[in-house]
Amino acid sequence: MQTQEDLEPTVRIRELKKDRVNFVLENVDLAFANSLRRVMMADIPTVAIDMVEIEINTTVLPDEFIAHRLGMVPLASSNCDEAIRYTRDCTCLAGCSFCSMLLVMHVACSDDNTMDVTSDHLDVYPFPEDLDNPDLGDEVSKRGEFFGHPVGKNEPGVAPVLICKIRKGQELKIRCVAKKGIAKEHAKWSPCSAVSFEYDPYNKLRHTTYWYETDIRAEWPLGDNAQEEEPPREDEPFDFNAKPNKFYFEVETDGSLGPQEVVMKGLAELQTKLANLILGLKTQPELDQLASEAQENRPAHQGGDPNYGGEKSNANWGNPGNSWGNSSPAGNGAESSSWGAGTNAGWSSPGRRTNGWNV
């Protein structure tokens with residue numbers, strides 16, 4: 001008979017929209033579910049405005065106020081892992097097309113009506129080339145048509161982000177540089193507006209103590225997730241050893257990344273972190289044995305590659321292609337669901353020279 005520990009983790013998608021996904025994650029423990037939530041919020045790279053140069057500002061708002069609002073405008077960041085570099089990994093000195101995006105805004109009000117300055121007024125321009133430090137890279141070719149553009153600018157029916165309001169005679173002219181980063185550095189790089197999960201809707205585990213005045217059931221009504229589980233019996237004894245293994249996730253994005261990409265990259269990043277932890281706990285003899293085994297098992301056509309089995313082979317520890325999250329078997333009668341192949345999750349290149357930018 002299979003125990004709970006022997007069952008494979010499963011994902012069942014209940015609802016998938018353009019900016020959110022609702023799914024059920026089963027056969028994992030509470031620590032894994034919370035780790036996935038935190039990784040999706042804080043460890044997935046996106047593009048956001050990081051530097052603002054204000055040339056003209058005759059609005060009623062100070063420069064710092066407008067700069068902060070610009071930084072919080074979500075920018076389209078699909079395939080951000082391959083389409084742009086971290087500034088610390090780039091060889092440029094003051095920004096280039098491989099690690100930065102240039103956005104410009106110049107608006108002025110000339111009539112008696114109040115004018116709304118929104119994210120739709122931000123235009124993306126090619127970054128000036130650094131002729132003194134030519135770099136060969138393919139990041140620009142991997143960007144989509146609207147990569148780095150404000151979310152919703154090229155989509156009809158999507159309301160833009162309001163930055164400020166100006167009257168007749170007022171003007172705003174700014175130059176912005178967007179960079180790649182993660183929410184651990186600043187919340188503006190988070191692709192999610194909300195990530196939550198619920199477990200044990202009937203409170204069988206008694207992890208929650210309800211405060212009520214007269215009727216606990218009337219004052220604390222059950223949510224929709226309670227329909228997924230059997231209600232407890234009145235005479236059912238309390239199980240001190242029970243642990244939660246079914247979690248109801250709701251992931252809502254800000255539009256910079258799709259919900260499918262957020263979940264897949266979250267799983268890949270979590271797998272990479274665990275693989276690096278396992279690799280870091282190994283002793284030197286074990287590392288030497290792994291290197292020798294990789295050297296022996298390398299294909300014949302790579303016989304002359306000195307990097308094979310070294311740094312490149314270590315990257316296979318975090319290969320998301322082996323992640324169970326790439327396809328999810330059916331659960332509770334639902335059809336099997338597949339979210340596509342895994343994506344690399346933001347590896348950096350510490351061997352390259354940094355440029356001293358503060359990000």
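Being a predicted model, the structure only gives us computed values, none of them experimental. For reference, positions follow the sequence shown, starting with 1.
- Residues I56 and I174 fall into different hydrophobic clusters, defined by Ile, Leu, Val, Met, Phe, Trp and Tyr side chains chained together at heavy-atom separations under 4.5 Å.
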field: V21/V263 under side chain to side chain contact (heavy atoms under 4.5 Å, CB included): CA gap, chis, key distance, verdict
entry: CA-CA 9 Å; V21 62; V263 177; 4.1 Å; yes

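- Side-chain atoms of S190 come within 3.5 Å of backbone atoms of M41 as a donor-acceptor pair (strictly under, hydrogens ignored).
- Using modelled atom types, no side-chain atom of N79 and backbone atom of A83 make a donor-acceptor pair closer than 3.5 Å.
- A salt bridge links K18 with E155: the closest approach of a Lys/Arg side-chain nitrogen to an acidic carboxylate oxygen falls below 4.0 angstrom.
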field: Worked verdict on D235 versus R233 for salt bridge (charged side-chain N to carboxylate O under 4.0 Å, His left out)
entry: CA-CA 5 Å; D235 59 344; R233 303 190 312 269; 3.4 Å; yes

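- Annotation for F238: atom CZ counts as buried by contact number, over 12 foreign heavy atoms lying within 6.0 Å.
- In the hydrophobic clustering of ILVMFWY residues, with side-chain heavy atoms under 4.5 Å counting as a link, V104 and V177 come out together.
- Under the side-chain contact (heavy atoms from CB on, under 4.5 Å) criterion, I216 pairs with Y210, Y212, W220, not counting sequence neighbours.
- In plain terms, the two heavy atoms of A108 and M115 that are nearest each other are O-SD, 3.7 Å.
- At a threshold of 4.5 Å between non-hydrogen side-chain atoms, the residues E185 and K179 do not count as touching.
- Within a 6.0 Å radius of CG in N203, other residues, nucleotides and ligands contribute more than 12 heavy atoms.
- Checked for salt-bridge contact, D120 and K153 miss the test: no charged N lies under 4.0 Å from a carboxylate O.
- With sequence neighbours excluded, no residue satisfies ring pair (Phe, Tyr, Trp, His ring centres under 6.0 Å) with H121.
- None of F197, F249, F247 except one satisfies the ring pair (Phe, Tyr, Trp, His ring centres under 6.0 Å) rule with F23; the exception is F249.
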query: Run the side chain to side chain contact (heavy atoms under 4.5 Å, CB included) check on W189 and K184 step by step: do they pass?
result: CA-CA 8 Å; W189 278 300; K184 280 185 176 180; over 6 Å; no

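- Remark: R38 CZ is loosely packed, at most 12 non-hydrogen atoms of other residues, nucleotides or ligands lying under 6.0 Å away.
- Not a single donor-acceptor pair under 3.5 Å links the side chain of S256 to the backbone N or O of S77.
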- prompt: Can you check side chain to side chain contact (heavy atoms under 4.5 Å, CB included) on L30 and K243, steps first, answer last?
  reply: CA-CA 8 Å; L30 180 59; K243 295 181 180 180; over 6 Å; no

message: Assess the residue pair H106 and E55 against the criterion (side chain to side chain donor-acceptor pair (under 3.5 Å)); give the C-alpha distance rounded to whole Å, side-chain angles, the decisive distance to 0.1 Å, and a yes or no.
response: CA-CA 10 Å; H106 188 193; E55 183 176 341; over 6 Å; no

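- With a 4.5 Å cut-off on side-chain heavy atoms, L36 and V28 do not count as touching.
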- request: Tell me, with the steps shown, if R175 and L102 meet side chain to side chain contact (heavy atoms under 4.5 Å, CB included).
  value: CA-CA 7 Å; R175 178 180 180 270; L102 179 63; 3.4 Å; yes

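- Smallest separation of non-hydrogen atoms from P259 and K17: CG-O, 3.4 Å.
- Placement of I54 and V117 within a single hydrophobic cluster is found when ILVMFWY residues are connected by side-chain heavy-atom separations under 4.5 Å, directly or transitively.
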- request: Kindly indicate, with the supporting measurements, whether the criterion side chain to side chain donor-acceptor pair (under 3.5 Å) is fulfilled by S196 and E252.
  value: CA-CA 9 Å; S196 63; E252 181 181 353; over 6 Å; no

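- Without hydrogens or angle criteria, E261 side chain to S78 main chain gives no donor-acceptor distance under 3.5 Å.
- Between C192 and V251 the shortest heavy-atom distance is SG-CG1, 4.3 Å.
- Using modelled atom types, one side-chain atom of Y202 and one backbone atom of A226 make a donor-acceptor pair closer than 3.5 Å.
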message: What verdict does the salt bridge (charged side-chain N to carboxylate O under 4.0 Å, His left out) test give for K173 and E53, after you've listed the backbone C-alpha separation in whole Å, the side-chain angles of each residue and the deciding distance to 0.1 Å?
response: CA-CA 9 Å; K173 184 177 181 181; E53 298 177 2; over 6 Å; no

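- Neither F127 nor I84 shares a network with the other; the hydrophobic side chains, linked directly or stepwise wherever heavy atoms of I, L, V, M, F, W or Y lie under 4.5 Å apart, form separate groups for each.
- S97 and E139 form no side-chain donor-acceptor contact under 3.5 Å, judged by distance and modelled atom types alone.
- Between the side chains of N297 and E293, no donor-acceptor pair is found at a separation under 3.5 Å.
- Cluster membership for F65 and L172, using ILVMFWY side-chain heavy atoms within less than 4.5 angstrom, is shared.
- Taking the side chain as every heavy atom from C-beta outward, T91 and F98 never approach each other to under 4.5 Å.
- D138 places no side-chain N or O within 3.5 Å of a backbone atom of S141 that could act as its donor or acceptor partner.
- Interatomic distance, H149 NE2 to D123 CG, rounded to the nearest 0.5 Å: 8.5 Å.
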message: Walk me through whether D239 and K204 qualify under salt bridge (charged side-chain N to carboxylate O under 4.0 Å, His left out).
response: CA-CA 8 Å; D239 186 1; K204 298 178 184 179; over 6 Å; no

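- A pairwise comparison of heavy atoms in S35 and L270 identifies CB-CD1, 4.0 Å as the closest pair.
- Side-chain contact between L75 and T46 is absent, with no heavy atoms from C-beta onward closer than 4.5 Å.
- Just one of D116, L61, T59 meets the side chain to side chain contact (heavy atoms under 4.5 Å, CB included) condition when paired with K165; it is D116.
- N225 and R14 form a side-chain donor-acceptor contact under 3.5 Å, judged by distance and modelled atom types alone.
- In terms of heavy atoms, P45 sits closest to D81 at CG-OD1, 3.1 Å.
- The nearest pair of heavy atoms linking V73 to S119 is CG1-CB, 3.8 Å.
- Using modelled atom types, one side-chain atom of R167 and one backbone atom of D112 make a donor-acceptor pair closer than 3.5 Å.
- Salt-bridge check for D43 with K273: passed, with a basic side-chain N closer than 4.0 Å to an acidic carboxylate O.
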- request: Let me see the working for D200 and K246 under salt bridge (charged side-chain N to carboxylate O under 4.0 Å, His left out), right down to the final yes or no.
  value: CA-CA 8 Å; D200 190 23; K246 191 174 184 179; over 6 Å; no

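- At a cut-off of 3.5 Å, with distance as the only test, a side-chain donor of E229 or Y248 sits close to an acceptor on the other residue.
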